[in-house]
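Right, one structure below, let's go through it.
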Number of protein chains: 2
Amino acid sequence: MFKLSKKADYGLIAVKHLAMHRQEHACSANEIAEEYGISVTLMAKVLQRLAREGVVVAKHGSTGGYQLAKDPGQVSALDVISAIDGPVLITSCVTSHGNCETTERCSVREPLRKVNESILGVLSTVTIAQMSEDPNEPALVALSGPMRSGSHMSSS
Amino acid sequence: MFKLSKKADYGLIAVKHLAMHRQEHACSANEIAEEYGISVTLMAKVLQRLAREGVVVAKHGSTGGYQLAKDPGQVSALDVISAIDGPVLITSCVTSHGNCETTERCSVREPLRKVNESILGVLSTVTIAQMSEDPNEPALVALSGPMRSGSHMSSS
DNA sequence: GGCAAGTCCGACCAATTCAGTCTTATTATA
DNA sequence: TATAATAAGACTGAATTGGTCGGACTTGCC
């Protein structure tokens, strides 16, 4: 469809958790998973991936765990998502070496590439630090308002 | 991951094709599918869906086929995508009645909701008419600039 | 120094879900 | 009557989700 994978979702949760516990001890996968009621094994896998990609650093040993590798202001949502799910591409056509078999005939590739770039721009603008800010307005109120799903927000 | 479904992809291709053949006869699913080397049955299903959602109009009979329901400038990419795949929601949490079981504990819901809105904004800005234009025309470049729509750039 | 506990790491595996495809039958129009 | 849209269902395969196990590493305690 057009959704983040659960792994990417968990990755964002984990990274945000680490951002909020920077000063303290390193957080273990177990600790984070239990805090949010998430599958421990999957969260562990996500954190391993994030460590391999350099988003977080792992510390072995009995007091080990994970910590953010950089400042929360330096890590974007795109960093986390693409670390887990690989490069963000809205279509299979729009790869770096675009090679769907109907390349010449496919006429929507170029416009979609631009859309893809815009989305990358959006995702890279949002940092973990921003996501950790205290939302002074209750989220539920906004959500219970008029449905936004099918609507195209009065552009122009 | 974060990809359009093949159906949505085909939908965009079909709608663009219809936009470029407005003046002429109605195009059958068979004709469009063969032109782009696409599975005929899937393309038919996509067009059926688009017809049901009012994006295109179907004409029965031997000279039948599909035609755009509106002006190409009035149809956005979001219209096509959400007609086929349903509402665009980047996470399962961010629904209209947000009900993932860890709602209170889940801390990334609100930031992601804003990201979702930004993406909706991007998709709704792109019209079929723009997609049919010359690729050199930088119709979308403006979007890569400063974020609009729900962004929290003005952080504190 | 040596041992045990707690943690990360990597690979392999199982169940579920979902997208994509095909099939069949029906309806409407020229 | 022939053509093309419409509709509903079954099937297939891949991706996602989630788990298990054995290994390696670091720390704390004896």
Side-chain angles (χ1 to χ4, degrees), chain A residues 1-11 13-14 18 25-34 36-69 81 83-86 89-93 100-102, chain B residues 1-11 13-14 18 25-34 36-67 69 81 84-86 89-93 100-102:
Chain A
M1 285 245 294
F2 203 72
K3 235 171 43 176
L4 288 176
S5 68
K6 212 172 253 192
K7 278 194 235 175
D9 230 358
Y10 291 174
I13 292 176
L18 293 179
H25 61 94
C27 303
S28 74
N30 217 304
E31 172 190 333
I32 300 179
E34 286 190 356
Y36 298 96
I38 286 173
S39 155
V40 177
T41 56
L42 194 52
M43 176 57 85
K45 219 169 277 188
V46 166
L47 283 165
Q48 283 169 31
R49 188 76 183 256
L50 288 174
R52 209 183 317 154
E53 300 291 330
V55 177
V56 303
V57 287
K59 196 182 160 202
H60 286 224
S62 54
T63 64
Y66 294 93
Q67 280 179 313
L68 271 187
I81 293 170
I84 294 173
D85 278 339
L89 301 167
I90 62 174
T91 67
S92 355
C93 288
C100 78
E101 66 282 358
T102 56
Chain B
M1 286 245 290
F2 203 72
K3 234 172 45 179
L4 287 176
S5 69
K6 207 174 258 191
K7 278 192 236 175
D9 230 358
Y10 290 175
I13 291 176
L18 293 179
H25 61 94
C27 303
S28 74
N30 218 304
E31 173 191 333
I32 300 179
E34 286 189 357
Y36 299 96
I38 284 173
S39 156
V40 177
T41 55
L42 189 55
M43 178 56 85
K45 210 169 255 192
V46 166
L47 284 165
Q48 284 167 29
R49 190 74 184 255
L50 288 174
R52 209 181 318 155
E53 301 291 329
V55 177
V56 303
V57 287
K59 194 182 164 203
H60 285 227
S62 54
T63 65
Y66 295 91
Q67 279 180 315
I81 294 170
I84 294 173
D85 277 339
L89 300 167
I90 61 173
T91 67
S92 355
C93 286
C100 79
E101 66 283 355
T102 56

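Each chain gets a letter, A, B and so on, in the order the sequences are listed, and its residues count up from 1. Computation of the quantities below employed the complete heavy-atom set of this structure, encompassing side-chain atoms and omitting hydrogens, waters and symmetry-equivalent molecules.
Using a 4.0 Å heavy-atom criterion, one finds that A:Ser28 contacts the sugar-phosphate atoms exclusively. Within 4.0 Å of B:Ser39, counting heavy atoms only, lie sugar-phosphate atoms of the nucleic acid but no base atom. Residue contacts shown for B:Ala29 are limited to sugar-phosphate atoms, with no base heavy atom under 4.0 Å away.
For B:Thr63, the side-chain atoms get nearest to C:dA30 when compared with the rest of D:dT6, C:dG6, C:dA30. Of the listed nucleotides (C:dC8, D:dT6, C:dG20), D:dT6 has the atom at the smallest distance from the side chain of B:Ala58. Closest to the side chain of A:Leu42, from the set C:dG20, D:dT17, C:dA30, is D:dT17.
A close approach under 4.0 Å does occur between a side-chain nitrogen or oxygen of B:Thr41 and OP1 or OP2 of C:dC22. Taking only side-chain nitrogens and oxygens, A:Lys6 comes nearer than 4.0 Å to OP1 or OP2 of D:dG18. At C:dA19, none of the side-chain N or O atoms of B:Tyr10 fall inside 4.0 Å of OP1 or OP2 (strictly under the cut-off).
Below the 3.5 angstrom threshold, one finds a donor paired with an acceptor across the side chain of B:Lys45 and the base of C:dT21.
Computed from coordinates, the A:Leu4 CG to D:dT16 P distance equals 12 Å when rounded to whole Å. Residue A:Ile84 contributes atom CD1, which lies 13 Å from atom P of D:dT16 at whole-angstrom precision. Atom P of nucleotide C:dT7 and atom CE of A:Met43 are separated by 15 Å, given to the nearest angstrom. Rounded to whole angstrom, the span from the NZ atom of A:Lys7 across to the P atom of D:dA15 amounts to 12 Å. Look at NE2 on A:His25: it is 17 Å from C1' on D:dT26, rounded to the nearest Å. For the pair A:Asp9 CG and D:dT17 C1', the interatomic distance rounds to 13 Å; values are reported in whole Å. Rounded to whole Å, atom C1' of C:dC22 lies 13 Å from atom CD of B:Gln48. Separating the CG atom of A:Leu50 from the P atom of C:dC9 is a distance of 11 Å, rounded to the nearest angstrom.
Two residues, A:Asp85 and B:Ala44, neighbour DNA chain D, and the one matched to the more 5' nucleotide by heavy-atom proximity is B:Ala44. Both B:His60 and A:Cys27 lie close to DNA chain C; mapped to their nearest nucleotides by heavy-atom distance, the more 5′-ward contact belongs to A:Cys27.
With values rounded to the nearest 0.5 angstrom, A:Met43 atom CE is found 11.0 Å from A:Glu31 atom CD. Annotation: the span from A:Lys6 atom NZ to A:Ile13 atom CD1 amounts to 10.5 Å, rounded to 0.5 Å. Rounding to the nearest 0.5 angstrom, the gap separating the CG atom in B:Asp9 from the CD1 atom in B:Ile38 is 8.0 Å.
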Inset, instruction - Determine, step by step, whether B:Leu18 and B:Ile32 satisfy the side chain to side chain contact (heavy atoms under 4.5 Å, CB included) criterion, reporting the C-alpha distance in whole Å, the side-chain angles of both residues, the deciding distance to 0.1 Å, and the verdict. - result: CA-CA 9 Å; B:Leu18 293 179; B:Ile32 300 179; 4.0 Å; yes
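Using a 4.5 Å heavy-atom cutoff, the side chains of A:Phe2 and A:Ile90 are in contact.
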